[in-house]
Amino acid sequence: MSRKKARIGQMQLLYQMDLTNKFDIKEVELFLDNFSFSDDEIEYINVAIPQLIDNIEEIDSVIEKNLEKWSFKRLAKVDRAILRIAVFEMLYREDIPEEVSINEAIEIAKVYGSLESQKFINGILGSIYRSIN
């Protein structure tokens with residue numbers, strides 16, 4: 001299984017949900033029907049996304065508290081999706097080291113975000129890491 005590919009799939013799915021404002025478990029099945037993932041990647045997405053959706057208000061609150069001179073609504077949707085995945089993992093996935101979640105978020109931001117996304121995401125996740133440890 002490629003957790004990186006599963007995380008990218010999660011980011012794409014959260015981006016889609018954010019665009020349509022439909023944070024619904026039905027969207028996961030529709031997404032997975034239209035993209036190719038291994039069985040392990042599908043399982044990873046099917047476990048993580050429902051938990052993330054169930055806790056999205058807390059996740060968004062943690063992100064918002066760590067934004068300096070920026071509002072949550074102004075975040076680019078790609079950056080917001082990447083941050084949500086990383087913060088979810090940091091708060092709810094004890095099997096994933098926080099440093100791994102941060103590094104993976106930065107790597108995904110390098111490919112899918114803007115030129116400044118990786119620095120921006122690194123700064124926010126670093127602040128969150130310090131606040132929870």
Side-chain angles (χ1 to χ4, degrees):
M1 167 177 77
S2 167
R3 279 203 177 168
K4 178 171 284 220
K5 185 175 178 189
R7 283 185 181 98
I8 291 168
Q10 288 176 13
M11 181 270 303
Q12 292 168 330
L13 177 56
L14 287 173
Y15 176 82
Q16 174 184 312
M17 290 175 161
D18 206 2
L19 278 176
T20 61
N21 202 27
K22 288 184 184 177
F23 290 90
D24 189 313
I25 197 67
K26 294 174 191 171
E27 298 298 314
V28 177
E29 187 176 324
L30 182 62
F31 177 81
L32 292 173
D33 285 346
N34 288 290
F35 294 94
S36 177
F37 293 97
S38 72
D39 289 342
D40 289 342
E41 292 159 351
I42 290 170
E43 181 180 344
Y44 189 79
I45 292 168
N46 275 326
V47 168
I49 291 295
Q51 291 175 355
L52 193 152
I53 291 170
D54 287 346
N55 295 289
I56 200 160
E57 288 179 17
E58 181 181 2
I59 292 165
D60 288 354
S61 175
V62 169
I63 294 168
E64 192 163 23
K65 287 177 188 172
N66 288 276
L67 296 174
E68 293 184 20
K69 301 177 184 176
W70 202 260
S71 76
F72 186 78
K73 291 180 180 181
R74 286 187 59 211
L75 289 176
K77 288 182 180 5
V78 170
D79 292 351
R80 189 164 38 216
I82 294 168
L83 286 167
R84 283 174 167 159
I85 294 163
V87 172
F88 164 74
E89 289 181 355
M90 293 167 74
L91 295 177
Y92 299 101
R93 295 293 303 257
E94 293 180 10
D95 61 322
I96 302 172
E98 294 160 339
E99 295 85 356
V100 171
S101 297
I102 294 169
N103 185 57
E104 288 292 317
I106 293 166
E107 292 301 313
I108 292 170
K110 285 179 184 176
V111 176
Y112 294 95
S114 70
L115 292 175
E116 297 298 316
S117 289
Q118 69 187 45
K119 291 178 189 175
F120 181 71
I121 287 172
N122 186 38
I124 293 170
L125 293 178
S127 176
I128 292 169
Y129 176 82
R130 288 186 295 277
S131 72
I132 62 176
N133 287 310

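Keep in mind that what you see is a predicted model, and the values were worked out from it rather than measured. Keep in mind that the numbers below use all heavy atoms, side chains included, and drop hydrogens, waters and symmetry copies.
- Side-chain heavy atoms closer than 4.5 Å link hydrophobic residues (I, L, V, M, F, W, Y) into clusters, and following such links, even through other members, never connects Y44 to I49.
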Criterion side-chain contact (heavy atoms from CB on, under 4.5 Å) on L91 and N55, from CA distance to verdict: CA-CA 10 Å; L91 295 177; N55 295 289; over 6 Å; no
Take L32 and N46 through the test side-chain contact (heavy atoms from CB on, under 4.5 Å) and record every step on the way to the result. CA-CA 9 Å; L32 292 173; N46 275 326; 3.5 Å; yes
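- Of all heavy-atom pairs between N66 and S127, the closest is OD1-OG, 2.7 Å.
- Looking at R80, its side chain does come within 3.5 Å of a backbone N or O of F72 through a donor-acceptor pair.
- In this structure, I85 and E104 have side chains that are not in contact, with every pair of non-hydrogen atoms separated by 4.5 Å or more.
- To the nearest 0.5 Å, atom CG of residue N103 and atom CD1 of residue I108 are 10.0 Å apart.
- Between D18 and L14, the closest side-chain pair of non-hydrogen atoms is not below 4.5 Å.
- Around the NZ atom of K77, the shell of radius 6.0 Å holds more than 12 heavy atoms that belong to other residues, nucleotides or ligands.
- Other residues, nucleotides and ligands place no more than 12 heavy atoms under 6.0 Å from the NZ atom of K65.
- Tracing side-chain contacts under 4.5 Å through hydrophobic residues (I, L, V, M, F, W, Y), one reaches M11 starting from I42; they form part of the same cluster.
- Side-chain contact check for R3 versus V100: every heavy-atom pair is 4.5 Å or farther apart.
- Between L52 and R84, the closest heavy-atom pair is CD1-O, 3.8 Å.
- V111 and F120 fall within the same hydrophobic cluster, where Ile, Leu, Val, Met, Phe, Trp and Tyr residues are linked whenever their side-chain heavy atoms come under 4.5 Å apart, directly or through other members.
- I121 CD1 to I102 CD1: the interatomic distance, rounded to the nearest 0.5 Å, is 11.5 Å.
- Residues V47 and Q51 are in side-chain contact: their nearest non-hydrogen atoms beyond the backbone lie under 4.5 Å apart.
- Looking only at side-chain heavy atoms (C-beta outward), R74 and L67 stay at 4.5 Å or farther from each other.
- Counting heavy atoms of neighbouring residues, nucleotides and ligands inside a 6.0 Å radius, atom CD of E99 exceeds 12 of them.
- For the pair V62/M90, no side-chain contact is recorded, criterion being any heavy-atom separation below 4.5 Å from C-beta on.
- Contact record, A86 with L125: CB-CD1, 3.7 Å, taken as the closest heavy-atom pair.
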Stepwise side-chain contact (heavy atoms from CB on, under 4.5 Å) test for Y92 and E58: CA-CA 11 Å; Y92 299 101; E58 181 181 2; 2.4 Å; yes
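- For the atom pair OG of S117 and CG of N122, the computed distance is 12.0 Å after rounding to the nearest 0.5 Å.
- Across all their heavy atoms, A48 and Q10 have their closest contact at CB-NE2, 3.4 Å.
- Taking both residues in full, the closest heavy atoms of G113 and D79 are given as CA-OD1, 4.3 Å, listed atom of the first, atom of the second, then distance.
- Within a 6.0 Å sphere centred on CG of L19, heavy atoms belonging to other residues, nucleotides or ligands number more than 12.
- Surrounding CG of D39 are at most 12 heavy atoms belonging to other residues, nucleotides or ligands under 6.0 Å away.
- Environment of OH in Y15: sparse, with no more than 12 heavy atoms of neighbouring residues, nucleotides or ligands closer than 6.0 Å.
- Atom CG of L13 sits about 7.5 Å away from atom CD1 of I45, to the nearest 0.5 Å.
- In this structure, R93 forms no cation-pi arrangement with F88, as its terminal cationic atom is not both closer than 6.0 Å to the ring centre and no more than 45° off the ring axis.
- Following chains of ILVMFWY side-chain contacts shorter than 4.5 Å, one can reach I56 starting from I25, so the two form part of one hydrophobic cluster.
- Atom CD1 in I63 sits 14.5 Å away from atom CH2 in W70 (nearest 0.5 Å).
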Please step through side-chain contact (heavy atoms from CB on, under 4.5 Å) for the pair L30 and E27, ending with a clear verdict. CA-CA 5 Å; L30 182 62; E27 298 298 314; 4.3 Å; yes
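- Side-chain contact between I106 and K110 is present, with at least one heavy-atom pair separated by less than 4.5 Å.
- No side-chain heavy atom of F31 sits less than 4.5 Å from a side-chain heavy atom of M17.
- The CD atom of E64 lies 8.5 Å from the NZ atom of K73; values are rounded to the nearest 0.5 Å.
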